[in-house]
Structures are given as C-alpha cells and as structure tokens.
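Report on one structure; see the data block that follows.
Start at 1 and go down the list; that is how both ligands and their atoms are numbered. Everything numeric here is computed off the predicted structure, so don't read it as measured data.
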Amino acid sequence: MEDRLPAKRRIRSPPESISKYFDFDFSNFKLKENHQELPLWICSNGHIFLETSAPSYLQITDFLIAIAEPISRPEHIHEYILTRYSLYAAVSVKLETEDIVSTLQRYSKTLEIPSSVIDFININTAQYGKAKLVLKQNRYFIESPYENVISDLLNIESVRKGKEAASDVNMEIQESHVEDVKEEMIRIMDGENPEDIEKVESCCVANEYIPQIRQDCHKENFPLIEEYDFIKDDKSPRLEIDLKPSTHIRSYQEKSLSKMFSNGRARSGVIVLPCGSGKTLVGITAICTVKKRAVILCTSGVAVDQWKRQLEMWSTIDPALIACFTSQNKDCTIDVAKACVVISTYSMMGYGGKRSAESASVYEKISRVDWGLLVMDEVQVVPADMFRRVIFDVKSHCKLGLTATLVREDNRIEDLNFLIGPKLYEANWLDMQAQGFIAKVQCIEVWCPMTAEFFQEYLNAKPRKKLLLYVANPNKLMTCQYLVKKHEAMGDKIIIFSDNLYIMELYSQHLKLPMIKGNVGHSERSRILFNFENTNACNTILISKVGDNSIDLPGANVIIQISSHFGSRRQEAQRLGRILRPKINSMDNDFNAYFYSLVSQDTQEMWYADKRQQFLIDQGYAYKVVSLTEEIQRQNDLMFYKKEDQKTLLEKLLQARDMDDDIQVDPDDITPEAMSKKSADAFSSNTSTTTSRSYQIQAHSRNRLFADRYKKFKKNK
Ligand SMILES: Nc1ncnc2c1ncn2[C@@H]1O[C@H](COP(=O)(O)OP(=O)(O)OP(=O)(O)O)[C@@H](O)[C@H]1O
C-alpha cells in the first residue's frame, strides 16, 4: 500500500457537512513508523476513516461511536464525521476533552492530527455540562454551578420569557427548591468542595417554553443536560419491577444501557440498534433500573400489545399496573398517581383535535404527573410536527428514544438532540450479524421489464398513473408469484409488502392470501399474524405500510417488496428489519433470509430504489441485481401470463381512479399527515429540479388527499 493516501479523495457528502465534496491532502502529514497497524485517517474537516483490518478495530470502534456520527460502514473502510452533537454525546457519557484528543492522536496513522480537528473538539466540549434541566414537582428548573451561566442563558430570548412566565411561581416553592438545587448541583459537580454552594444558581421556567428553550440553548451552544437522579428521588412513587431471573440481556443490549446509566443517574438520549435486535427489552430493562412510573409510546396498536406482552414476559411487574391507552383500549381505571406503566401511541397522545370525555380524562391524568421515564419506540417519528409536543405534555425526568433507523427524508432527525438528548449508542449491523444476533440477509433487486403495452402507456401517463403502471407491471406481478411459489416450496415464511392497495387486493383475490392494511381492525390483524407465525396453513401474507415497523414475526425469513413509499430509506430498512430476527442457523455463513425488491425497469422506480437502498448500503449491505425473465417465461400458470389478461388489467388501470396507497385509517397508526409530510419532503431535497417539481405537486396533492380522507374517517368514527 502506498505510504500516503491518494492526495485527492472524493466521498458522498454526509448530511451535515457544508461542502458537497471534500478534498484533503495528507502530503503535509508524516506517517508514524507503525502506521500499518494503526486504524485511523483523520481529515481536517472532521471526517475520520477507519480501516477494519487494523488489530485495534474493535476497541476503537466503540470509541468512535461515542464521539462521532457513522456515515458509511461497508466491510473494509468505515467513515465517521465529528459533529457538535456527537461531541455533546461524548461529554454526556463523561468523556473528557483531553481523552478524546489523546485517543485520536494515539490511533491516528499520522504523527499529528489536524489542528482544526483539535479546535473543533475543544470548542464543542467546553460548553457541555454548564447547565442542567431538572423537573421538580411538575416544574422545570435550569440549574448551573458555574458562575453567571444563568445570566448568560437569560440572554436567550426564550429562556428569559420562560423565566418571566414562571415568575408567578409561588416564591416559597422556588425558595424551598434552592436547597434541593444546591444539594443537586453538588452531586452534578461530583462532590466538588462545598464552598462552591453559593455559586449554584437556578431559575424556574414555565413548562410551555421548554421545547423552544431546549432548541435555542442547543443552537447557542449551551446544551441543557437532562440527567435523572432516580435513586435520590423519594418524591415519585417506587415501581415494583425487576427483570425475571430467566431474562438474560445480550452484550450489545447491556453496552447500550451502560451509556444511559452511570453513578445512579439516568441520562436522556437515543439508543440505535438494528431491527429485530431487541430494543423492546432494552426499554424494559431501563424501566426496571429506574423503578419509577413510566410511559411507553409506540407507532401502532399492534406494537402496544407487543410491548405489554414483552413486559409481562421479561419482567416481574404486576400486570394490573400496566395500562394501555389506544383508540381501542382506554384503561381509564389506572391510577397514575401510583407507580404504573402506561403504553400508548404517538397518535393517541399527539392528537390535537377534540377528544372523547374518557380519552380526555385519561390524557389529563397522564399529563398531570411527573413520570420517571418516557420510552419512545421508533423515535425517528418524533420530530414530525404533530408528535414533538407529546414529549413535553408527558413531563418526564428522563427520556429514552429507541430506533433502528435514525433517518428522515426531511432532515429533521437532528432535532432529537434537543427534543430528547444525544445519541448514546449505535450498534454496527454487520458486526451483530457476524455474531449471530441478527439474521444474515441477502438483499436482491429484481429488474422486471415493462411489457410493451404498459410501457407505451407509461411514457404518456401523468405522474400518478405512471406510478400505478410501474407498480402493476405484469412481469412484476408474475415475478412475485414465482418467488412465492419457490420459497413456499422451501418451507419459508413470506411477507409481501405493497403500499398500493389495488395491487394488494388483486393479489389477495388471485392468490387467496390474507392481507393487513390500514382499515383491517386490530383483532383481525392479530389473528392473521398469529396464524402466520404459528401454523402452516398461512405461509404468505400481504402487508401495506402499516406493517413497516415494530411487527414482531421471528418466523418470517423472506420479504418481497412490490411497491413502496417513493425513496424512503427508513421504510426500506424497517421492512428489512421484519426478517432480521435471528434464525436457528444464524451462526452459519450462508444467508438465512432474503429481501427481494421488485423494480420495473426503465421507470422512475429505479431512481427511487437507488435512493431507498442508501441507508442499508451505508450499514454494509450489498444488493445483488438479478433478472428472472427467463424463469418467468417457463411458468405459463402464473397470473397475467396470457396477453389478454394483461390487456384487461391495463384497461382497468387506465380507467381506475381510486387506487392510492394505503392511508392507514386505524387511528393508532402513524397518521397520513406525518407520512405524507415525509413524501412531500422526500422530493424537496433529493431529486433533480424537473422531477422534483412534479413530485412535490403530486406529494402535495397526496398530502391533501390523505388529510381530507383522514379527517372524513375521524368524523365518521
Ligand atoms: N436478550 C434476549 N434474549 C432472548 N430473546 C430476545 C432478547 N432480546 C430480544 N429478544 C427477542 O428478539 C425479538 C425481537 O425483539 P424486538 O421486537 O424487541 O426487536 P426490535 O429491535 O424492537 O425490532 P423492531 O425494530 O423490528 O421493532 C423478540 O421476539 C424478542 O423476544
């Protein structure tokens, strides 16, 4: 290998970097004698490249995850970038500035690391820990042991307004907190000398200003630490809950929780683990550690059931202390003043319209008390306008976000840094696959040529009709049927994903397959999932986007995706996650799960497919591209094999009006507004001007369509 990196390197720009490309010249940096054994190339703009062949790869990986954002982690070279949020996360898990710099210097291949990197680290670690946000008796206090930090913070308009709005707080309440505050801040300073007590300052801010205050403090480089001293908190009732002796948490689950808990305190933040790796048990273990009342938020009613089931399976909690608050189930009997666990959905808690009397009373109870822990499953949905308020209506001392896909198409994922807290831990999918914790999945993109008649109509069709024609391409439908036959014969369990309802219903009728879509009720969904998981009577099911995440089907090992939500990287990863649960032969080297993405050739679908796959490619997955045309031609019993059937289908599609994607009418599912917001944003940032304008119009009209139909549904409910 050359002594020096090639002088010019070009990489795909990460979301937060300013320049589209970066050029970095290593020629000014001398290499260490033993640079071959060392793993790191550190560039002046904060990009860090890690060679996985280096002997110290594993220990330096944990360190890099703690201080930097992973951008791309294929097999041989991983790429990270230092950001201020990643450095906040590093300081929040007690990494000191000097340790960060010295470790980078120790593992760098070059004798020195760029001074710009050292300056960036110093600036963005110096401010962290200067101020803390504490919840006491339903009121928020900003506290700091550092001189005049409170007065600096009061220069931030929202902090000043929040303090003024709280000024009507009864002074003796505020006074009585001063002692607690002093006591508390001594603990923050880890027992520094008592004469610092007079420096400890605090100001009470009104609850309604908290979201803005957190955002502004982050922007002003004054991130507010949110740590919860749950052991010392004798004001909140204790929740009697422990993990059962038979519950053994896995090494990566333990490691992720070690970033959240230290010295008897819990820090707010986000834990990122692959789909199917057991995020539910991580959340349950966090509740068992804090032992205070907790709220768990999920994206659907099915997920609420799974959390309840796993709480009872893994912990010793009395089932009577678990309350589910969903559209079907409003446990209003639960006494939240006592220790309990409430499991609800973002839609139920985030709903801004008029609530029924019983729903309003439950909501009032929940928002009136201090919660020890707020656990947010699929936390990537929280930055959406209609959900972000939830995390402040549910006042909690500590917040834990769980996700497999920390991506959004509207780039608002960074808001989680101030809405919840820094990213505490992120696992490497390929490492976990190598250790057998998740299945070894082969990703296959199947190119399906358009038939001449369909392609002719496609070229002249309007955008929405184009979408329908490339989804209903007969060669794609036959390919899907061929794959179902092949894998059912191998004893596999198959999930067919289609956002488009018309195609789902076509398949369901022709192939006699059960389907789960937005308007399939909760009990019917559970029945279909149970039969699929536990009987051989049902080995293939059709699911719309309502099944993208959280549905736990350990037996499923094949996915066939025939239509999807434009270029959503999150959806692609979440769907792959349905078959990531570890399989019996997980330690073998060969593949034990298959993810087929059927794409109509020479259509826009190929562009979307390329964009959708980026997140998984960055995790190290490689898509194999195949064509099954020859195999299909030999199967004359497939539906739409005959030309006249294809012609009939085409005529129906051209006349059809109402063939939209599923709009998830079950009120517990993430609402169409949040989904359509994503579809609108999916095009604002990534397509060329020509297509983006048409798709923005289309996305806008889809938003309106979703929103109108959703409102109609709600009114009729
Ligand atoms: N420590 C463990 N020991 C045994 N089984 C486990 C453990 N952790 C998780 N599991 C099992 O792994 C499966 C997947 O867990 P879970 O549904 O929590 O994954 P997840 O990360 O939430 O997936 P998704 O992102 O798809 O929601 C479940 O069947 C769960 O019981």
Side-chain angles (χ1 to χ4, degrees), residues 242-258 270-289 296-315 343 345-346 375-382 400-407 425-429 432-433 435-439 441 493 495 497 516 526 529-530 532-534 543 545-557 559 569-584 586-587 592-593 595 615-616 619 669-670:
D242 282 301
L243 288 177
K244 285 179 181 171
S246 57
T247 302
H248 303 293
I249 64 172
R250 296 166 177 159
S251 55
Y252 61 88
Q253 290 169 322
E254 195 158 1
K255 191 187 286 188
S256 63
L257 288 163
S258 69
V270 176
I271 289 178
V272 186
L273 292 172
C275 302
S277 59
K279 289 185 289 300
T280 309
L281 183 51
V282 168
I284 291 168
T285 308
I287 295 170
C288 293
T289 308
I296 300 168
L297 295 180
C298 314
T299 52
S300 68
V302 171
V304 169
D305 285 352
Q306 282 174 15
W307 271 89
K308 183 170 190 294
R309 197 166 48 247
Q310 292 209 35
L311 254 172
E312 291 165 1
M313 178 167 72
W314 299 119
S315 80
I343 313 175
T345 60
Y346 293 103
V375 180
M376 288 156 279
D377 194 14
E378 307 302 342
V379 73
Q380 74 279 354
V381 303
V382 166
L400 170 61
L402 297 167
T403 182
T405 50
L406 210 50
V407 283
Y425 182 75
E426 177 165 7
N428 180 317
W429 292 44
M432 287 183 58
Q433 175 181 283
Q435 295 158 36
F437 287 125
I438 55 176
V441 182
K493 289 278 186 180
I495 300 173
F497 272 112
I516 294 177
S526 305
L529 294 176
F530 180 84
F532 174 78
E533 192 58 19
N534 300 293
I543 303 188
K545 63 174 75 157
V546 296
D548 284 355
N549 52 40
S550 301
I551 285 190
D552 181 23
L553 293 170
N557 68 325
I559 280 180
R569 295 167 294 161
R570 177 205 56 75
Q571 186 186 55
E572 187 90 349
Q574 289 285 359
R575 285 182 168 175
L576 177 100
R578 297 316 100 214
I579 54 174
L580 269 186
R581 271 82 177 139
K583 305 298 178 251
I584 298 147
S586 266
M587 292 310 284
N592 47 36
F595 180 83
F615 175 83
L616 290 174
Q619 301 305 322
D669 293 328
I670 291 288

Residue from Trp429, Phe437, Tyr425 passing ring-ring contact (aromatic ring centres under 6.0 Å, His included) with Tyr252: Phe437
Which of the numbered atoms in ligand 1 are under 4.0 angstrom from any heavy atom belonging to Ser277? 19 (O), 21 (O)
Under 4.0 Å, counting heavy atoms only: does Arg578 come that close to any atom of ligand 1? yes
Side chain to side chain donor-acceptor pair (under 3.5 Å) evaluation trace for Thr405 with Gln574: CA-CA 7 Å; Thr405 50; Gln574 289 285 359; 3.1 Å; yes
If the cut-off is 4.0 Å to any non-hydrogen atom of Thr280, which atoms of ligand 1 fall inside it? 16 (P), 17 (O), 18 (O), 22 (O)
Show your reasoning for whether side chain to side chain donor-acceptor pair (under 3.5 Å) applies to Glu378 and Thr299. CA-CA 7 Å; Glu378 307 302 342; Thr299 52; 5.5 Å; no
Any salt bridge between Glu312 and Lys308, counting N to O under 4.0 Å? yes
For ligand 1, which atoms sit closer than 4.0 Å to a heavy atom of Trp314? 3 (N), 4 (C), 5 (N), 6 (C), 31 (O)
Which bit of His248 gets closer than 4.0 Å to ligand 1, counting heavy atoms only: side chain, backbone, both or neither? backbone
Less than 3.5 Å between some nitrogen or oxygen of Ile249 and one of ligand 1, yes or no? no
Cation-pi, Phe532 ring and Lys493 (6.0 angstrom, 45 degrees): yes
Under 4.0 Å from any heavy atom of Pro274, which atoms of ligand 1 are there? 21 (O)
Heavy-atom contact under 4.0 Å between Leu281 and ligand 1? yes
Do Gln435 and Gln433 pair up side chain to side chain, a donor and an acceptor below 3.5 Å, judged on atom types alone? no
